[in-house]
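Note: hydrogens, waters and symmetry copies are ignored here, and every other heavy atom, side chains too, is used. Residue numbers begin at 1 in each chain, while the letters A, B, ... track the order of the sequences.
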Number of protein chains: 2
Amino acid sequence: MTQKAKEYYRDNPQFYVAVDCIIFAFENDELQVLLQQRNFEPFRGEKTLLGGFLQDEESLEEAAQRVLHFHTGLTNIYMEQVGTFSALDRDPGARVISTAYYALINKNLYDSALLKEYDGEWVSTDHLPNIHFDHTKMIEQARELLRRKISFSPVGFNLLPPSFTLAQLQRLYEVILGQEIDKRNFRKRVSEMQFIEKTGEIDKVSSRRGASLFQFNMEKYNLIHEFKLK
Amino acid sequence: MTQKAKEYYRDNPQFYVAVDCIIFAFENDELQVLLQQRNFEPFRGEKTLLGGFLQDEESLEEAAQRVLHFHTGLTNIYMEQVGTFSALDRDPGARVISTAYYALINKNLYDSALLKEYDGEWVSTDHLPNIHFDHTKMIEQARELLRRKISFSPVGFNLLPPSFTLAQLQRLYEVILGQEIDKRNFRKRVSEMQFIEKTGEIDKVSSRRGASLFQFNMEKYNLIHEFKLK
DNA sequence: AATGATGAGTGTATTTTTTACACTTTTTAC
DNA sequence: GTAAAAAGTGTAAAAAATACACTCATCATT
């Protein structure tokens, strides 16, 4: 590179760059988010999202997956970029530019033993506690993004176990969309999508009669690639 | 701040952070984007989006507005964040994290004399030339975001002059949505939105008969805040 | 063994929204 | 005066979304 070209970069300031992860899960008819009670400086005692600083040899997506893996034990988590936050005073400790990602996991599948190592706790997105930095805004934007996405893309299944009842699926949609859904209309739409298929198993836990278990068939979906639910 | 807290930040690398602006305009029945033919190093001779490095005392939004003002002479431009791009090799000159914003301007209102100062040129988004970095991907993501937004939010008016004919408005929608729209159905929907109002003026340029000019009334829209077009 | 309680499962009619479609009007250029 | 060009206008059909109520299977209780 020429001298001129080097100066092109070097005349400019550099910044700490971070990722913050809005990790969503669905339990007890609530959309929950994983927070951390910080027992370290800076901002000890505050609740925050799980995050980390971008390192030299990784992209933001890789950094987010690293953070996700570290806190859940999972790999290859479904994730979407929410946005990048850069207000001058968003982190009073230093100037940090942070990109938020939301992630969807199933609470049965992750390593919950890790929680106590970093003081993680699940909270309902309906009654968020006080959260430090601009993380409340991040959560709200993520929730809105998820709300819009879930009707037209089969991302919601990441929040459910591999097999699930239609009642579970419906509750998930009701909670995320924030409105009641008619059972018959919901099931009609589900039955039109052949990639939501019966496993043949019956769930005997949730009801006396027992409810058919279903699974999302990704291969079939990839052939059709059309999704509309509610 | 404690020593520990300082280390929390200092142990991490810092990065150049940039903004890239996808400046859209509508002319000749095309959605156009403003590019720059670089006559400076690095990457002299390449076409790129208009961008700039984030500085210490500004947010990304402020940096984007600065870049937008510098290249168009306009202030307070409508703008939306597209996403942040961080691939390791996206800029071979140095590691740069870049946040893309799309902006909507009207070509009649900006300072076109500035173009020659930075070798700016408008190109159709339908036939993009070779563009350097990951800027093609940025443009495509921006175009898709705009396509989704325009049906449910009155952002398209930023691409039109303050008063416009319904034919112009319809062509704008057809071009951005990439599909023909039925004239009568389109006008029916427009007439339902009282904040798209006749100015009383007649445009005699675009047709022999003359066509009524309309304007978007932001105050009325803010009261209603409901928008659906096509 | 009968009964009550619980959630599972199922179809049709109505309303709303979206789409398809063709001619008359006004003006200018020739 | 007439041909050409774009403006302007309403109704019917189709599709999509919504509203709605009962029977079924099983378990727990008596």
Exercise. Paired with C:dT27: which nucleotide, if any, by Watson-Crick or G-U wobble criteria at under 3.5 Å for both distances?
Worked result: D:dA4

Exercise. Whole Å only: how far is the NZ atom of B:Lys183 from the C1' atom of D:dA6?
Worked result: 7 Å

Exercise. Relative to each other, are the rings of A:Phe43 and A:His132 parallel, tilted or perpendicular (30° and 60° limits)?
Worked result: tilted

Seminar exercise, completed: To the nearest angstrom, the CG-C1' distance between B:Asp203 and D:dA7 comes to 11 Å

Seminar exercise, completed: Comparing A:Arg184 with A:Arg208, nearest DNA chain D nucleotide closer to 5' gives the residue A:Arg184

For this session: Have a look at A:Ser206 and say if it touches a base, only the backbone sugar-phosphate, or nothing, with a 4.0 Å heavy-atom cut-off.
Result: sugar-phosphate

Exercise. Less than 4.5 Å apart, any side-chain heavy atom of B:Thr99 and any of A:Thr99?
Worked result: no

Problem set entry | Gap between atoms CD1 and P, on A:Ile181 and D:dA19 respectively (whole Å) | 12 Å

Problem set entry | Between C1' of D:dA16 and NZ of A:Lys188, the distance in whole Å | 10 Å

For this session: Scan A:Ile23, A:Leu50, A:Leu49 and name whichever one has a side chain to side chain contact (heavy atoms under 4.5 Å, CB included) with A:Val33.
Result: A:Leu49

Exercise. Would you say the side chain of A:Pro129 lies within less than 4.5 Å of the side chain of A:Leu35, judging by non-hydrogen atoms?
Worked result: yes

For this session: Name the nucleic acid region contacted by B:Ser212, choosing base, sugar-phosphate or nothing; use a 4.0 angstrom heavy-atom cut-off, strictly under.
Result: sugar-phosphate

For this session: Can you tell me the distance, in whole Å, between the CD atom of A:Glu174 and the C1' atom of C:dG7?
Result: 14 Å

Problem set entry | Nearest-Å distance for atom pair CD/P, residues B:Gln170 and D:dG8 | 12 Å

